[in-house]
Protein chains: 2
Amino acid sequence: MTSTNVSASDELGSSAQRERRKRILDATYELAKSGGFDAVQMRAVAEQADVALGTLYRYFPSKIHLLVSALGRQFDEAAVRLHDREIPGDTPAERVLYVLKRMARGMQGDPKLTEALTRAFMFADSSVANEIHVVGMAMTSIVTHAMHGGVPAEDAVTDEDIAIARVIGDVWLSALVAWVTGRSTAAETASHMETAVHLILRD
Amino acid sequence: MTSTNVSASDELGSSAQRERRKRILDATYELAKSGGFDAVQMRAVAEQADVALGTLYRYFPSKIHLLVSALGRQFDEAAVRLHDREIPGDTPAERVLYVLKRMARGMQGDPKLTEALTRAFMFADSSVANEIHVVGMAMTSIVTHAMHGGVPAEDAVTDEDIAIARVIGDVWLSALVAWVTGRSTAAETASHMETAVHLILRD
DNA sequence: GACAAAACTGGAACGTGTTGCTGATTATGC
DNA sequence: GCATAATCAGCAACACGTTCCAGTTTTGTC
């Protein structure tokens, strides 16, 4: 008997299970990318992933879990991509703004996808805590990495650095929500982030 | 003919309309208070407000509008209550933390209500921009008022003050979401806010 | 007070997230 | 290779947000 809990983040499962899981997340990604939160309909995901509705629910117990898992995959990939790079900029503030803007550009290139994932993140409750934690850690890691200027050792990260990264992550999240929900433009969001980062990371 | 737009925030309307609107918001408040977001069901609100479902939708075009309007009323009242008071504390950081903690106590006393209102706020899109703006202004006003220490003139509020207030509001919102969704405890939330405020408002 | 316009009621109906069920299929242990 | 348990497909059904409609009541105007 293989593991019964397929939805937890790092279970192994059989190769068929991994394959199905990937197909489901890919379908979620495609649907979210083209139509946003509303287009990620469980029946549509199931169909596109070539999986029955019941199976979809076996792998992801709710639409929110599904979307947040997809978001986690995205963030993980982004964190990995950024982790091996030298971050340009002379001060922590500049470097943090650099990565934030990079991420913002990426998200603005796929507004529907971003909307879907952000909405899900905001709507998640404690049953999604694991998946959320993945996202939070990736965000914190991205920001602290940028503060420290790139490849150098990670063990120099202090508690205060983490606190700062969390605060910046919070502001970023609020700004993202405002942008995603059409309450502020991309330019306003960028300007707001700039203000916030300079406020928090005074050089 | 009276104004046709009943749902905008400051229309007058007939006294019967005001009365209905109040009954609806009261019903929303009661249901949210006892059962949270899920308990605020449109049919239930309509019934408790003694109004037909169609009428409810005439006043508030969606559940989100309804809840965000209720949140706006809450924040307005809080802002008014705080506005005539002297805020204790020797530094801006202390005073801001004082009001934030006061608000947090109020919200923790009604967790279901807070959950409902916060969820709605996070889920709102641009069609709710007006109602959202009311909440944002109230929040900013509360924080800048605290920074300036209470009753003294409001015209001393600078652009930087407002930027600071907005950033604090963002962090507050993210922390609130984390608490509401059960991802962090009240104590963690309080501690996180304390860190953030001291980081932003260095004396 | 009569009439027209607007608002309200009661309820049906639709879409989508979610659940439950039944029979087919697949993987596992012997 | 087979028995058996787990998994899956297909589908019906339910809940709640939302829309729509026909008939009634209220409101505003002359």
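Keep in mind it's a predicted model, so treat the numbers as computed, not measured. So you know, we letter chains A, B, ... as the sequences are listed, proteins then strands, and number each from 1.
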Would you find a donor on one side and an acceptor on the other, under 3.5 Å apart, between the side chain of Thr158(B) and the backbone of Asp161(B)? yes
Main chain of Ala187(A), side chain of Ser191(A): is a donor-acceptor contact present, judged purely on distance under 3.5 Å? no
[X] [atom1] to [N] [atom2]: how many Å, rounded?
| X | N | atom1 | atom2 | answer |
| --- | --- | --- | --- | --- |
| Phe123(A) | dT16(C) | CZ | C1' | 14 Å |
| Leu56(B) | dC16(D) | CG | C1' | 13 Å |
| Arg20(A) | dT7(D) | CZ | P | 11 Å |
| Gln41(B) | dT18(D) | CD | C1' | 14 Å |
| Leu31(B) | dC16(D) | CG | P | 13 Å |
| His65(A) | dT18(C) | NE2 | P | 10 Å |
| Glu19(B) | dT26(D) | CD | C1' | 15 Å |
| Met42(A) | dT19(C) | CE | P | 9 Å |

Close N/O contacts between protein and nucleotides 11-13 of chain C (under 3.5 Å):
from	atom 1	to	atom 2	distance (Å)
dA13(C)	N6	Arg43(B)	NH2	3.1

With nearest nucleotide decided by heavy atoms, which residue, Val51(B) or Ile64(A), maps closer to the 5′ end of DNA chain C? Val51(B)
Does anything in residues 179-201 of chain A form a salt bridge (Lys or Arg N to Asp or Glu O under 4.0 Å)? List the pairs, not counting sequence neighbours. Lys101(A)-Glu194(A)
Among pairs that include at least one residue of residues 60-75 of chain A, which meet salt bridge (Lys or Arg N to Asp or Glu O under 4.0 Å), considering only residues two or more places apart or in two chains? Asp26(A)-Arg73(A)
Can you name the side-chain contact (heavy atoms from CB on, under 4.5 Å) partners of Val135(A), sequence neighbours left out? Leu71(A), Phe75(A), Phe121(A)
Under 4.0 Å between a side-chain N/O of [X] and OP1 or OP2 of [N], yes or no?
| X | N | result |
| --- | --- | --- |
| Thr55(A) | dA9(D) | yes |
| Tyr57(A) | dC8(D) | no |
| Tyr59(A) | dC8(D) | yes |

Please report, to 0.1 Å, the donor-acceptor pairs under 3.5 Å made by any side chain of residues 36-57 of chain B, with sequence neighbours excluded.
from	atom 1	to	atom 2	distance (Å)
Gln41(B)	NE2	Asp38(B)	O	3.3

Report the residues that fulfil salt bridge (Lys or Arg N to Asp or Glu O under 4.0 Å) with Arg166(A), sequence neighbours left out, ordered by chain and then residue number. none
Which is true for Val45(B) with a 4.0 Å heavy-atom rule: it touches a base, it touches only sugar-phosphate, or it touches nothing? nothing
Residue Arg58(A), side-chain heavy atoms: nucleotide from dT18(D), dA7(C), dT7(D) that is nearest: dT7(D)
